[in-house]
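First the structure, in the form of structure tokens, and then the observations on it.
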Amino acid sequence: MSTATVMQRVVLALTNFKSPILRTIVPCGIAAVALQAFAAAPSVAARSELFFDVSGSLTYLAVGALSLYLPALRARALAAAQGVAQSALPKLPSITQLAASAWSKGEAAGTAAGGRNWRQLVLVGLTMVWATRLGSYLFSRVMGDGHDSRFDKIRDKPVRFASVFMIQAIWVTIPMLPVLALGALPAATLATALPSVLATDVLGLSIWGMGFFFEAVADYQKSQWVKQKKRKEHDEDFLTRGLFSVSRFPHYFGEISMWTGIAITAAGVLARKPIQLGLGWTGPMGILATTALCGLSPLFSWFVVTRVSGIPLSQKKYDERYGKRKDYQKWRSETPQLIPKLW
């Protein structure tokens, strides 16, 4: 038996909590920390931040996949402990199978190939789409620039540099809480307890789509603006066109919106009475608890981008460079910082 297999079984045994939500969140959190530690070691040794963002995206992908396969992994570990033949890991469904499962009826309503509910697969899939797009964008940007200014003061300080990778593990785990909480539920429970589509499914996924549009388009517009400036097609010092004419930080608005949409989708499912009973809750405190758990995701994203690293760092840099210019003052005073002005 390989060392990896032994470690897997030990982690699964140690995290076999009574609460199904904890049985999913804790091992996924452990996986996020382990992956970030693995990425931190060579980065700190080389004093290079080139793979920081891409390691975060890969951790999102790994944690999402793990949440889908955890029930099967636990079943295989139990079978191995009992000396029973282990079943193969299930295959994930195609897009066609996924769409069909969302509108299916009967006992298997909502259950896609692979034994997971369509909502579980969609939320993980949307997270992976976001992480892949953002990670590739940030990686290409840092490769083009050759460095990331966020790390100028810490890349030569091993402990501080390593700590940001551990913080990134938290950045992966907390936003993923709604996805992991939903993934903790057996697909059969979701199929028998829920209609094919809920109002919160439509609302949440629509908000996610809007957020993805804002983030992706804003990043594209910013990257094109930078390329044009390098080609000396304009001499603008800051971008005020496109989405940046309705919000000074439209990409951050998009990110918060996406996690809000995912939280609404998951919270709407977790608040249903049969789901609450399956989680061991019998009163209103259960709904408050699961809603608060989902709400931590967009709240954490909002806190990070508006109070910690996103907007504060960028705002300070721009204020120092252009704060005395009238055109900058006009754009800053007339354009909302985050929520777009669409009228």
Side-chain angles (χ1 to χ4, degrees), residues 2 4-5 7-12 14-16 20-39 51 53-80 86-99 101-102 110-136 138-139 165 168-187 190 205 208 212 258-259 262-263 265-266 269 294 297:
S2 67
T5 301
M7 291 181 62
Q8 172 189 303
R9 292 182 182 178
V10 169
V11 170
L12 292 176
L14 292 176
T15 60
N16 192 27
I21 291 180
L22 286 179
R23 280 204 303 270
T24 299
I25 290 176
V26 175
C28 286
I30 292 173
V33 171
L35 289 169
Q36 283 301 294
F38 182 77
F51 296 100
D53 289 310
V54 75
S55 74
S57 295
L58 291 174
T59 302
Y60 269 106
L61 300 182
V63 168
L66 178 60
S67 72
L68 292 178
Y69 281 107
L70 260 177
L73 292 173
R74 290 192 182 279
R76 285 167 58 87
L78 179 61
Q86 301 177 39
S87 59
L89 290 174
K91 294 182 179 180
L92 296 181
S94 65
I95 297 297
T96 302
Q97 292 172 319
L98 189 59
S101 72
T111 303
R116 303 301 273 167
N117 183 264
W118 73 266
R119 294 173 182 85
Q120 295 169 320
L121 294 167
V122 165
L123 291 195
V124 169
L126 293 181
T127 302
M128 290 182 168
V129 167
W130 167 78
T132 301
R133 190 212 67 82
L134 182 61
S136 59
L138 294 175
F139 182 65
F165 285 88
Q168 184 158 249
I170 298 173
W171 177 67
V172 171
T173 305
I174 294 181
M176 286 282 286
L177 286 177
V179 180
L180 301 180
L182 190 63
L185 301 170
L190 294 174
L205 296 178
W208 186 93
F212 185 80
M258 280 187 283
W259 289 117
I262 285 177
T265 304
V269 172
C294 293
S297 173

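These values consider heavy atoms only, across backbone and side chains, with no hydrogens, waters or symmetry-generated copies. Each residue takes its place number in the sequence, starting with 1. Here the structure is a predicted model, which is why all the values come from computation and not from measurement.
Side-chain contact check for Gln168 and Ser55: at least one donor-acceptor pair (N or O, by modelled atom type) lies under 3.5 Å.
The shortest non-hydrogen separation linking Met128 to Leu61 is CE-O, 3.2 Å. The heavy-atom pair separating Val63 from Met176 by the smallest distance is CG1-CE, 3.8 Å. Contact between Pro27 and Leu70 at its shortest, heavy atoms only, is CG-CD1, 3.8 Å.
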Task: Derivation and outcome, side chain to side chain contact (heavy atoms under 4.5 Å, CB included), residues Leu126 and Trp130 - done: CA-CA 6 Å; Leu126 293 181; Trp130 167 78; over 6 Å; no
Task: Residue pair Trp171, Tyr60: steps toward the ring-ring contact (aromatic ring centres under 6.0 Å, His included) verdict - done: CA-CA 10 Å; Trp171 177 67; Tyr60 269 106; 5.1 Å; yes
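Applying the salt bridge (charged side-chain N to carboxylate O under 4.0 Å, His left out) test to residues at least two apart or on different chains, the pairs with a partner in residues 122-134 are Arg133-Glu215, Arg133-Asp219.
Looking at residues two or more places apart in sequence or on another chain, you find a ring-ring contact (aromatic ring centres under 6.0 Å, His included) between Phe51 and Phe139. Ile25 pairs by the side chain to side chain contact (heavy atoms under 4.5 Å, CB included) definition with Ile21, Leu177, Leu180, Leu293, not counting sequence neighbours. The side chain to side chain donor-acceptor pair (under 3.5 Å) test applied to Ser297 returns no partner, not counting sequence neighbours. Considering only residues two or more places apart in sequence or on other chains, Ser57 meets the side chain to side chain contact (heavy atoms under 4.5 Å, CB included) condition with Ala131. Residues passing the side chain to side chain donor-acceptor pair (under 3.5 Å) test with Thr173, sequence neighbours excluded: none.
Under the 4.5 Å side-chain criterion, counting only non-hydrogen atoms from C-beta, Pro178 is not in contact with Thr265.
Judged purely by atom type and a 3.5 angstrom limit, Gln120 uses its side chain to pair as donor or acceptor with the backbone of Asn117. At distances below 3.5 Å, at least one donor-acceptor pair connects side-chain atoms of Arg74 with backbone N or O atoms of Arg23. Proximity of a side-chain donor or acceptor of Arg116 to a complementary backbone N or O of Tyr69 within less than 3.5 Å is not detected.
Note that CD1 of Ile262 and OG1 of Thr127 are 4.0 Å apart. Values are rounded to the nearest 0.5 Å.
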